[in-house]
Number of protein chains: 2
Amino acid sequence: MSTHSEIHETSSAVQDYAKAIYALEQRADAPVSTNALAGRMDVTAASATSMVKKLDGLGLVTHVPYRGVRLTEPGRRLALEVLRHHRLLELYLAETLDVPWDRVHEEAEVLEHVLSEELEALIAAKLGNPTHDPHGDPIPSPDGHVEELATSSLQELQPGARGVFVRVSDSDSEMLRYLAERGITPGAALEVIDRQPFDGPLFARFGDQVHVLGGDLARAMRVEVTG
Amino acid sequence: MSTHSEIHETSSAVQDYAKAIYALEQRADAPVSTNALAGRMDVTAASATSMVKKLDGLGLVTHVPYRGVRLTEPGRRLALEVLRHHRLLELYLAETLDVPWDRVHEEAEVLEHVLSEELEALIAAKLGNPTHDPHGDPIPSPDGHVEELATSSLQELQPGARGVFVRVSDSDSEMLRYLAERGITPGAALEVIDRQPFDGPLFARFGDQVHVLGGDLARAMRVEVTG
DNA sequence: AAACAGGTTTAGATATGGCAAAATCCAGTT
DNA sequence: AACTGGATTTTGCCATATCTAAACCTGTTT
């Protein structure tokens, strides 16, 4: 009945699956399909199935065959702990080691699994126990609370919509670099000007610059809608 | 023919074995026995044998059955790269995150395997490209050079011998903590006062304090002999 | 109701690293 | 030269996490 965390009794793979299921559940409040999970983890559906069965055995998810998977409360806590590691590390690497923003995600991706609780606490303290990263993304608290604000894909917004560009799905570093080169970084306010049909390009204004964004890119960009 | 490093194509296990063989070869310039390696890695001799065969296949060691194992030049380079990661991380954690000295070893032990070359470079730069850690232990250069000074076990010194306590074998944190509580830290000058026979206690002077050290402890303490 | 197309799960295989038990080698006695 | 004890290797097994290929559901269309 303690808030004791199980993160150290789980493999990196289990942690990654929990994190992926959390992210996918987030997007649409519904069970996560094996295919979606496999796609996100970049493994075959067969691999996803067997890992899902393992997570189920560990009590981290409930799996209804052919119907998808949902995190249990312990599973959600695990995912949030890993996410806390990840976001603290991103912030820490960027702030104190000047790791470029389009690289911190990849570094954090591997470090998050080996970060001890002691180091986590020291890093959090060093950063002043932040609750949000510089993009506005919330950092889960040590006891597993977050206030995740709902985001939309830029692609699905109508002309006239305004919002704040929050992040790129999976922090794809190619996309982040491409956007950064054009002066677009997370945190930027934007307004959708126009959208061509048939998955055509989307015109959006950032500051006083209008940019044309292709389908895949606009789909990956997550926006907090403000009006 | 480049100085390109193979560290990222090897598993953590392979890296750990290379590091262990390097350390054991260091102590006595002789082939490393399977048993010694198994003891150091805390695995069975059977496991050590099969890993040795794998390292041999990778060209990292030369293994003569029943005769022990030695690092090849690529194997030595790999070991030194991991050691560089390890010592840079120890220094970094202690300096910038105030991780207590008796804990940095364990943290570095896992981080060393996932540290990217980019982060390594950034950390080294942040620390001013150090060549030695605060104890005087040399940090291998990026291109695989070290000047390792020969150390002796405190246990094997004769009364009257003087030296500098450099480190505890395997950085055993229990021992480091025990010694720190008594004011003995790496870097301390010492003189052996007396040694009782039959693996009896050893009397050594650190500053103006004489301490009595038991067999296992004295055996684990490595000393750079100065006179 | 039968068929079809996807998505999902099972079955069987692979690579890593580990262990225990059995077989084998080596060196130092008798 | 045979014996013997400790070190070493071989053999067969386990767990993790992945894959391919085959079998199996499910919902929709015919």
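All figures in this text were calculated on a predicted structure; none of them were measured in a lab. Order of the sequence lines fixes the chain letters, A, B, ..., with proteins taken first and strands second; residue numbering starts at 1 for each chain.
- Among D:dA17, D:dC19, C:dA20, the nucleotide with an atom closest to any side-chain atom of B:T44 is C:dA20.
- Between D:dT8, C:dT9, D:dT16, one nucleotide has an atom nearer to the side chain of A:K54 than all others, and that is D:dT16.
- With distances taken from any side-chain atom of B:M51 to the nucleotides C:dG17, C:dC19, D:dT9, the minimum falls on C:dG17.
- Spacing between atom CG of B:D42 and atom C1' of C:dC19 amounts to 13 Å, rounded to whole angstrom units.
- Proximity of A:T49 to the phosphate of C:dT10: no side-chain N or O atom is located under 4.0 Å from OP1 or OP2.
- An end-to-end axis angle of 40° holds for the helix from C:dA1-D:dT30 to C:dT30-D:dA1, taken from five base pairs per end and rounded to 10°.
- Comparing A:A46 and A:S12, the nucleotide of DNA chain D nearest to each residue sits closer to the 5' end for A:S12.
- Distance A:K53 NZ to D:dA17 P: 15 Å, rounded to the nearest Å.
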side-chain contact (heavy atoms from CB on, under 4.5 Å) between B:E117 and B:H8, worked out: CA-CA 9 Å; B:E117 297 308 297; B:H8 291 131; 3.4 Å; yes

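- Atom pair A:E9:CD and D:dT16:C1' shows a separation of 17 Å (rounding to whole Å applied).
- Proximity of A:T34 to the phosphate of C:dT9: a side-chain N or O atom is located under 4.0 Å from OP1 or OP2.
- Rounded to an integer number of Å, the gap from A:D56 CG to C:dT9 P is 11 Å.
- Side-chain proximity of B:Y66 to C:dG18, C:dG7, C:dC26: nearest is C:dC26.
- Nearest nucleotide to the side chain of B:P65, out of C:dA11, D:dT9, C:dT8: D:dT9.
- Nearest to the side chain of A:V43, among C:dT9, D:dA7, D:dT18, sits D:dT18.
- Counted by atom type alone, A:N35 and A:S33 present zero donor-acceptor pairs between their side chains at under 3.5 Å.
- Residue B:N35 places no side-chain N or O under 4.0 Å from the OP1 or OP2 atom of D:dG6.
- If you check the side chains of A:T10 and A:Q15, you find a donor sitting under 3.5 Å from an acceptor.
- For A:Y17, taking side-chain heavy atoms from C-beta onward, the closest of the listed nucleotides D:dT18, C:dA11, C:dT8 is D:dT18.
- More than 12 heavy atoms of other residues, nucleotides or ligands lie within 6.0 Å of CG in A:D98, so this atom counts as buried by the packing criterion.
- For A:H63, no side-chain nitrogen or oxygen approaches OP1 or OP2 of C:dT8 to under 4.0 Å.
- Here the closest heavy-atom approach between residue B:A30 and residue B:R70 is recorded as N-NH2, 3.7 Å.
- Among the heavy atoms of the strands lying under 4.0 Å from B:S11 are primed sugar atoms or P, OP1, OP2 only; no base atom is included.
- Rounded to whole Å, the distance from CG on B:L55 to P on C:dG18 is 11 Å.
- In the set C:dA27, C:dT8, C:dA11, C:dA27 carries the atom at the smallest distance from any side-chain atom of B:R67.
- Taking atom CE of residue B:M41 and atom P of nucleotide C:dG18, one finds them 6 Å apart after rounding to whole Å.
- For the salt bridge (charged side-chain N to carboxylate O under 4.0 Å, His left out) with A:K19, the qualifying choice from A:E25, A:E112, A:E81 is A:E112, the only one to do so.
- Taking the six-membered ring where the residue is Trp, the centroids of A:H86 and A:H105 are separated by under 6.0 Å.
- Taking 4.0 angstrom as the limit, B:S47 places none of its side-chain polar atoms (N or O) nearer than this to OP1 or OP2 of C:dG17.
- Salt-bridge formation is detected for the pair A:E73/A:R76: a Lys NZ or Arg NE/NH1/NH2 atom is positioned less than 4.0 Å from an Asp or Glu carboxylate oxygen.
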